[in-house]
Amino acid sequence: MSEVDEDAVLSDVEGGEETHEEGVGEKVQVYNLTQETISQGLSLLCRTGNGLGHAFVKLDLKDKGLNDIAAISSYIHLQFLDVSNNHLTDLSPLASLTQLLWLKVDSNAVACFKGQPFAQLTYLQWLSMAVNRLTDLDGLVGPALESLNLAGNGIQRVNSLQRGCFANLITLELRGNHLDTTDGINLPNLRQLYLAQNVIKHLEGLERLERLTTLHLRDNQLDTLAGLSPNMKCLQYLNVRGNAILDENALQCLGLMSKTLRALVLSENPLVETTDYRLSVLILLPQLERLDKDPVSPEERAEALERIKEVKEEEISEP
C-alpha cells in the first residue's frame, strides 16, 4: 500500500473565534481556520506528483466566517480551493500551494494584489475574485490563467493586463467595476471580454484584441462605437445594450468591421426609437444573423442588399 500524505490525515484542533465590526454598527463572527474545519472540507483523494503517496487535492472553505487562512499553507498538494463568502483580506498563505489549478475567492474583502501569492501560483488556470474591494490589478500575474473573473469590484484601470503576464488568458470578466475606458487590455489571445455595468465612455485599444469573439459592453455610457477596430477579425458577438447611442452616424465604424460579426445587441439605446434602424444596421452589416433579440429575416436581408446595390450604382453614375 502506498504511503498516505499528511494532508489526508488530520487531527482536530480547536480554533479561535472573534467578533468584528463590519459596516456601521454591524457585528459579525469571524473565525481563524482550524485543522478540524479543513478536515471537514477536504475531498478528491489523488496520487501525489511524485507517485509515492496520496493526498486530498480539493478543499471547500466557503461560508466559514474566516478572516485568516494561515493554517492552509502546509497543504501543498491542493489543486482546487474555494474560500468564497468569508472575510479574508490576506491571501499570502496561498503562496505555498504551488499546485493550485482552480481558486475561488468571491465575496471577501481583498483590496489589492500587492504582496499576494499569485507569482508563485504558476499552474493556476481559473481564478475568480468577484465582489471584493479591488481598485486596480497591480501585482496580479497569471502565466497559465485561462479564465479570470473580477466582477463587482471597484477597479478603475487595467493597465497591467499585458500579454507577457497573461499569455494564455481566454476569458476576462470585469463587469460591475468603475472602468471609463477599454484601454490597457493588451491580450491578443483573449476570446471573451465582459465589461458590462461600468462607466465606459470611449472604446480604445481594441485593435490589440485580434482573436476576440465576444465583446459585452451593456449598460455603459457609450454614445458612439468609434474605436471598434478592423483588426478584430474574429468578433462574432457585440452587445452594447443600454448605452447612449443616438443615431446611425455613431454606427458607421461597423462598416469597417470584419464580416465575422453575427449577432449585435443595440436595444435600450436612443437609436432604436427610429423606425428604420434595423435597415440602417443591416446595410452596414448585411451578414448579421441576429439583431437584438430577433433573427434577421430573409426579407430584411434582401431589402438591405437591394439598398446596398442602389448606393453602389449611384456612386458609379456620379461624375
Side-chain angles (χ1 to χ4, degrees), residues 20-24 26 28 30 62 66-69 81-95 100 102-121 124 126-167 169-187 190 192-206 208-209 215-222 227 242-243:
H20 283 198
E21 291 191 6
E22 188 169 290
V24 179
E26 181 183 355
V28 295
V30 294
K62 64 177 181 290
L66 301 173
N67 71 334
D68 179 88
I69 52 171
L81 175 62
D82 187 347
V83 292
S84 55
N85 297 306
N86 285 290
H87 308 285
L88 302 177
T89 60
D90 179 18
L91 301 180
S92 59
L94 302 182
L100 275 181
W102 188 97
L103 175 61
K104 188 174 184 180
V105 197
D106 294 354
S107 299
N108 278 278
V110 180
C112 70
F113 289 107
K114 293 178 180 177
Q116 302 292 3
F118 296 99
Q120 282 72 47
L121 305 183
L124 191 65
W126 190 95
L127 172 62
S128 183
M129 294 188 64
V131 195
N132 275 270
R133 299 176 183 175
L134 300 166
T135 57
D136 60 55
L137 307 185
D138 294 348
L140 177 63
V141 293
L145 270 182
E146 296 179 3
S147 178
L148 175 59
N149 183 356
L150 299 170
N153 281 277
I155 297 169
Q156 301 175 18
R157 57 187 180 87
V158 289
N159 295 338
S160 57
L161 284 174
Q162 303 298 318
R163 170 171 32 193
C165 299
F166 300 93
L169 198 61
I170 293 173
T171 301
L172 177 59
E173 168 65 85
L174 283 166
R175 77 182 73 197
N177 280 280
H178 297 158
L179 297 171
D180 63 6
T181 178
T182 54
D183 198 24
I185 304 175
N186 185 10
L187 300 170
L190 198 67
Q192 292 93 33
L193 177 57
Y194 300 95
L195 295 168
Q197 298 171 333
N198 279 276
V199 289
I200 296 171
K201 300 178 177 66
H202 308 288
L203 299 179
E204 302 171 284
L206 297 179
R208 304 161 185 153
L209 306 181
L215 179 56
H216 202 292
L217 289 157
R218 178 178 176 176
D219 296 332
N220 277 282
Q221 299 177 16
L222 295 168
N243 278 270

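All heavy atoms count here, side chains included; hydrogens, waters and symmetry mates do not.
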Stepwise, does the side chain to side chain contact (heavy atoms under 4.5 Å, CB included) test hold for I69 with L88? CA-CA 8 Å; I69 52 171; L88 302 177; 3.9 Å; yes

Side-chain atoms of residues 139-152: list all donor-acceptor pairs with protein atoms under 3.5 Å, sequence neighbours left out, distances to 0.1 Å.
unit_1: N149; atom_1: OD1; unit_2: A151; atom_2: N; d: 3.0
unit_1: N149; atom_1: ND2; unit_2: S128; atom_2: OG; d: 3.4

CG-OG1 distance between L209 and T182, expressed to the nearest 0.5 angstrom: 8.0 Å

Heavy atoms only: give me the nearest L91-M129 pair and the separation to one decimal. CD1-CE, 3.8 Å

Checking D90 now: which residues fulfil salt bridge (Lys or Arg N to Asp or Glu O under 4.0 Å) with it, not counting sequence neighbours? none

Under the salt bridge (Lys or Arg N to Asp or Glu O under 4.0 Å) test, which residues partner K201, sequence neighbours left out? none

For Q116, does its backbone N or O pair with a side-chain atom of S92 as donor and acceptor, under 3.5 Å? no

Can you sort out the partners of F118 under ring pair (Phe, Tyr, Trp, His ring centres under 6.0 Å), two or more places apart, ordered by chain and number? F113

State, to 0.1 Å, how close S107 and N132 come at their nearest heavy-atom pair, and which atoms those are. N-ND2, 4.0 Å

If we only count heavy atoms from C-beta on, is the L94 to L81 side-chain gap below 4.5 Å? yes

Run the salt bridge (Lys or Arg N to Asp or Glu O under 4.0 Å) test against R175 and tell me which residues pass, sequence neighbours left out. E173

Taking side chain as C-beta onward, heavy atoms only, is L215 less than 4.5 Å from L206? yes

Is the backbone of L174 close enough, under 3.5 Å, to the side chain of N198 for a donor and an acceptor to pair up by distance? yes

Which pairs pass ring pair (Phe, Tyr, Trp, His ring centres under 6.0 Å) with one or both residues in residues 126-166, sequence neighbours excluded? W102-W126

Which residues pass the side-chain contact (heavy atoms from CB on, under 4.5 Å) test with S84, sequence neighbours left out? K62, D82, K104, D106

In short, R208 meets G184 closest at the heavy-atom pair NH1-N, 3.7 Å

Residues pairing under salt bridge (charged side-chain N to carboxylate O under 4.0 Å, His left out) where one sits in residues 150-161, two or more places apart or in two chains, turn out to be D136-R157, D138-R157

List for me each residue that meets side chain to side chain donor-acceptor pair (under 3.5 Å) alongside N108, sequence neighbours excluded, and say none if there are none. none

Just to verify, which of D183, L217, T181 counts as forming a side-chain contact (heavy atoms from CB on, under 4.5 Å) with L203? L217

Go through the structure and list residues passing side-chain contact (heavy atoms from CB on, under 4.5 Å) with A95, not counting sequence neighbours. P117, Q120

CG-OG1 distance between N153 and T135, expressed to the nearest 0.5 angstrom: 9.0 Å

Between atom CG of N186 and atom CG of L161, what is the distance when rounded to the nearest 0.5 Å? 9.5 Å

Measure the spacing between CG of D68 and CG of N86 and express it to the nearest 0.5 Å. 11.0 Å

Would you indicate whether the side-chain heavy atoms of L190 and I185 approach each other to under 4.5 Å? yes

Can you tell me how far the CD atom of Q221 sits from the NE2 atom of H202, to the nearest 0.5 Å? 9.5 Å

N220 and L195 have their tightest heavy-atom pair at ND2-O, 3.0 Å

Side chain to side chain donor-acceptor pair (under 3.5 Å) partners for T171, two or more places apart: Q192

